[in-house]
Amino acid sequence: HVQLVESGGGSVQAGESLTLSCTAPRDIYKGNCIGWFHQAPGKEREPIAAMHTTLQVPYYADSVKGRFTMSQDNAKNTVYLHMDSLKPEDTAMYYCASGGVNQWCPQMPEPHQWQFWGQGTQVTVS
């Protein structure tokens, strides 16, 4: 059972920063696209950012461009989402995903096309 594991969520004030982590099994992490989505209550899951762990050319949604940055640590099979200047509208559950989308990466296809997901981590901005 493949599982991605997110961590790092929390409650912050507007303008503050958080860094989320997504750790994947080695055979999923290496040479694959890893993306971040968020989902607010009552809304659809939306793409935020993605990056292929070998090519390392990121994609960012317009809503987070200039505020969010992806990075990675190959020794830990982990990608990070650094979130600066957080806004109340960033409040959501954040998920990382991988698998089945390398041909589009870093562009982000619909959530149903991604094979593997984490359990999510909550970010609340007030």
Going through the distances and angles, do Gln3 and Phe116 end up as a side chain to side chain contact (heavy atoms under 4.5 Å, CB included)? CA-CA 7 Å; Gln3 184 74 32; Phe116 311 117; over 6 Å; no
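- Listed here is the closest heavy atom pair of Ser98 and Asn32: OG-CB, 3.8 Å.
- Distance alone, capped at 3.5 Å, places no donor-acceptor pair between the His52 side chain and the Val57 backbone.
- Under the 3.5 Å distance criterion, the side-chain polar atoms of Glu16 are matched with a main-chain donor or acceptor of Gln13.
- Under a 3.5 Å cut-off, the side chain of Trp114 and the backbone N or O of Pro109 do form a donor-acceptor pair.
- With a 4.5 Å cut-off on side-chain heavy atoms, Tyr80 and Thr69 do not count as touching.
- Thr124 is not listed as a side-chain neighbour of Val12, based on a closest heavy-atom distance of 4.5 Å or more.
- Only one option out of Arg26, Gln72, Lys30 pairs with Asn77 in a side-chain hydrogen bond (donor to acceptor under 3.5 Å, both in side chains); it is Arg26.
- Looking only at side-chain heavy atoms (C-beta outward), Ser7 and Ser21 come within less than 4.5 Å of each other.
- Here the side chains of Cys22 and Leu4 are in contact, with some heavy-atom distance below 4.5 Å.
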Apply salt bridge (Lys or Arg N to Asp or Glu O under 4.0 Å) to the pair Asp62 and Lys65, showing each step before the final yes or no. CA-CA 5 Å; Asp62 287 343; Lys65 200 172 293 182; 3.2 Å; yes
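- Proximity of a side-chain donor or acceptor of Glu6 to a complementary backbone N or O of Cys96 within less than 3.5 Å is detected.
- Between Ala49 and Leu81, the shortest heavy-atom distance links the atoms CB-CD1, 4.1 Å.
- Ring pair Trp117/Phe37 is tilted by interplanar angle, where 30° to 60° counts as tilted.
- Remark: side-chain polar atoms of Asp90 are paired, donor with acceptor, to backbone N or O of Lys87 under 3.5 angstrom.
- Counting all heavy atoms, side chain and backbone alike, Pro58 lies closest to Gln56 at CD-O, 3.6 Å.
- A donor-acceptor pair under 3.5 Å is absent between the side-chain atoms of Tyr59 and the main chain of Gly35, judged by distance alone.
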Which is it for Thr19 and His82 under the side-chain hydrogen bond (donor to acceptor under 3.5 Å, both in side chains) test, yes or no, and what are the steps along the way? CA-CA 4 Å; Thr19 296; His82 307 280; 3.2 Å; yes
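- Remark: Thr23 pairs with Thr78 by the side chain to side chain donor-acceptor pair (under 3.5 Å) rule, at least two apart or across chains.
- Remark: side-chain polar atoms of Arg45 are not paired, donor with acceptor, to backbone N or O of His38 under 3.5 angstrom.
- The nearest pair of heavy atoms linking Pro47 to Ala61 is O-CB, 3.6 Å.
- Remark: aromatic rings of Trp36 and Phe68 are distant, center separation not under 6.0 Å.
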Please step through side chain to side chain contact (heavy atoms under 4.5 Å, CB included) for the pair Asp84 and Leu86, ending with a clear verdict. CA-CA 5 Å; Asp84 294 325; Leu86 282 162; over 6 Å; no
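- Two residues are said to be in side-chain contact when any heavy atoms from C-beta on lie closer than 4.5 Å; Ile34 and Met51 fail this criterion.
- Contact record, Ala40 with Thr91: CB-O, 3.9 Å, taken as the closest heavy-atom pair.
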Side chain to side chain contact (heavy atoms under 4.5 Å, CB included) between Arg67 and Tyr60, worked out: CA-CA 10 Å; Arg67 299 189 298 123; Tyr60 300 105; over 6 Å; no
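- In this structure, the side chains of Trp104 and Gln113 come closer than 4.5 Å at one or more pairs of heavy atoms.
- Counted within 6.0 Å of CD on Glu89, heavy atoms from surrounding residues, nucleotides or ligands total more than 12; the atom is thus considered enclosed.
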